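Note that the coordinates shown come from a computational prediction; the quantities given were computed from them, not determined experimentally.
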Amino acid sequence: MQTDTTPLIQLQGVSKIYGKGQAAVKALDAVDLQIHQGEFVAMMGPSGSGKSTSLNILGCLDTPGSGQYYFDGVAVGSLSRDQRAVLRRQFLGFIFQGFNLLNRTSAIENVELPLIYRKIPARHRREMAQEALCAVGLEKWQNHTPGELSGGQQQRVAIARAIVGKPRVLLADEPTGNLDSVRSIEIMEMLRTFNQRDGITIIMVTHEPDMAEFCKRQMQFQDGHIISDTAVEDTL
Ligand SMILES: Nc1ncnc2c1ncn2[C@@H]1O[C@H](COP(=O)(O)OP(=O)(O)O)[C@@H](O)[C@H]1O
Ligand SMILES: [Mg+2]
């Protein structure tokens, strides 16, 4: 049974190799990490250092080649495919650099999508999606399609979609990578609120030191290793 000190997320000796023979690339090399409920973590490091691979494993979008992933004390590798899908839908929310919205579909329908997979009844779905769009300040834009929205607004729709199911963990891969600095800061302030007010654990990949400053902990990746892992001083 899990205790207060059980990390919400734990990788133990996780390695991942892509390709075979001469072409093999070791994306992760025996990575250990622990993240507790309520943390706000930045994953940093040069391109190709293993950040996205780590995030995808944490999000059950990819599996370790070797080593173990524990979510709330449960060995994810011992779950069936269906059980992993449940873990992903119930407990995890995703935000990507490219927003990944359905282009011909209104903002509110994009936000409702994960609830359809969870078989939540239509009326309740609509209410939950409206609430999530409100939380990102887009209540007036719910019937607009992504093409009618700015980049910053599109990312806020994607964030609403990520939080609509009330996940315990938000996983974000360069969420501000396509945005200017004003829009980036708006997104980071929003994430900070979800972390501080709602207690959502957030793990975010970013290249940008200014964005990583919003996090409480910064990890540096290099060549498939975590080479540093430090708490960020509170600047408030
Ligand atoms: N699906 C894949 N097939 C082959 N190689 C991959 C794949 N995904 C990642 N890699 C390789 O693994 C290494 C780590 O990639 P990644 O985790 O995406 O790095 P980062 O997100 O830090 O830029 C890189 O060398 C990359 O080219
Ligand atoms: Mg990446």
Side-chain angles (χ1 to χ4, degrees), residues 8-9 37-38 40 52 55-62 71-72 76 79-179 183-184 186-205:
L8 182 56
I9 277 177
Q37 174 80 44
F40 190 0
S52 293
L55 203 75
N56 290 342
I57 289 173
L58 297 183
C60 300
L61 301 172
D62 201 349
F71 185 88
D72 207 11
V76 175
L79 300 178
S80 68
R81 248 185 123 77
D82 286 351
Q83 287 171 320
R84 274 206 306 276
V86 170
L87 166 63
R88 203 164 56 223
R89 286 176 199 151
Q90 300 272 6
F91 297 111
L92 309 175
F94 297 90
I95 308 167
F96 301 96
Q97 178 173 3
F99 319 141
N100 295 13
L101 300 171
L102 299 178
N103 279 324
R104 296 182 185 204
T105 307
S106 67
I108 193 151
E109 285 166 337
N110 268 285
V111 175
E112 280 184 50
L113 206 58
L115 304 177
I116 295 176
Y117 292 121
R118 280 170 61 176
K119 303 198 168 60
I120 294 181
R123 201 163 60 91
H124 195 200
R125 231 161 47 209
R126 190 52 47 133
E127 281 167 11
M128 289 170 77
Q130 275 164 347
E131 196 183 310
L133 281 170
C134 240
V136 299
L138 287 181
E139 57 277 24
K140 297 209 179 87
W141 297 86
Q142 50 177 290
N143 296 318
H144 292 256
T145 58
E148 296 166 340
L149 302 173
S150 69
Q153 288 174 321
Q154 290 182 50
Q155 190 58 305
R156 285 194 273 155
V157 174
I159 292 173
R161 182 184 55 187
I163 61 162
V164 72
K166 307 214 183 309
R168 290 182 69 182
V169 183
L170 266 184
L171 300 162
D173 199 345
E174 308 208 30
T176 63
N178 285 353
L179 303 177
R183 246 49 64 183
S184 296
E186 282 173 12
I187 295 294
M188 291 311 304
E189 284 173 343
M190 197 169 281
L191 294 180
R192 182 161 60 193
T193 302
F194 295 145
N195 173 251
Q196 291 184 348
R197 185 192 63 194
D198 307 329
I200 299 180
T201 306
I202 304 181
I203 307 168
M204 180 186 86
V205 169

How many angstroms lie between atom [atom1] of [X] and atom [atom2] of [Y], to the nearest 0.5 angstrom?
{"X": "E109", "Y": "R125", "atom1": "CD", "atom2": "CZ", "result": "9.5 Å"}
{"X": "M204", "Y": "L170", "atom1": "CE", "atom2": "CG", "result": "11.5 Å"}
{"X": "F194", "Y": "T201", "atom1": "CZ", "atom2": "OG1", "result": "14.0 Å"}
{"X": "D198", "Y": "T193", "atom1": "CG", "atom2": "OG1", "result": "8.0 Å"}
{"X": "K140", "Y": "C134", "atom1": "NZ", "atom2": "SG", "result": "9.5 Å"}
{"X": "I108", "Y": "L133", "atom1": "CD1", "atom2": "CG", "result": "5.5 Å"}

Does some side-chain heavy atom of [Y] sit less than 4.5 Å from a side-chain heavy atom of [X]?
{"X": "I9", "Y": "I203", "result": "yes"}
{"X": "W141", "Y": "V157", "result": "no"}
{"X": "R192", "Y": "I202", "result": "no"}

Could you check whether any side-chain N or O of [X] sits under 3.5 Å from a backbone N or O of [Y], counting only pairs where one atom can act as donor and the other as acceptor?
{"X": "N178", "Y": "Q97", "value": "yes"}
{"X": "R183", "Y": "G152", "value": "no"}
{"X": "N143", "Y": "A107", "value": "no"}
{"X": "Q154", "Y": "L149", "value": "yes"}
{"X": "N110", "Y": "T105", "value": "yes"}
{"X": "R161", "Y": "L113", "value": "no"}
{"X": "E148", "Y": "T145", "value": "yes"}
{"X": "Q155", "Y": "P175", "value": "yes"}
{"X": "D72", "Y": "L8", "value": "no"}
{"X": "T176", "Y": "L179", "value": "no"}

Which heavy atom of [X] sits nearest a heavy atom of [Y], and at what distance?
{"X": "V136", "Y": "R156", "value": "O-NH1, 2.9 Å"}
{"X": "A162", "Y": "P167", "value": "O-CG, 3.4 Å"}
{"X": "F71", "Y": "V169", "value": "CE1-CG2, 4.0 Å"}
{"X": "C60", "Y": "L92", "value": "SG-CD1, 4.4 Å"}

Enclosure of E186 CD (heavy-atom neighbours >12, cutoff 6.0 Å):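 Enclosed: over 12 neighbouring heavy atoms sit under 6.0 Å from CD of E186.
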
R126, M128, E112 screened by side chain to side chain contact (heavy atoms under 4.5 Å, CB included) with I120, the one that passes: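 Only one of R126, M128, E112 forms a side chain to side chain contact (heavy atoms under 4.5 Å, CB included) with I120, namely M128.
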
Plane angle bin for F96 and F94 - parallel if under 30°, tilted between 30 and 60°, otherwise perpendicular: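 Judged by the thresholds at 30° and 60°, the geometry between F94 and F96 is parallel.
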
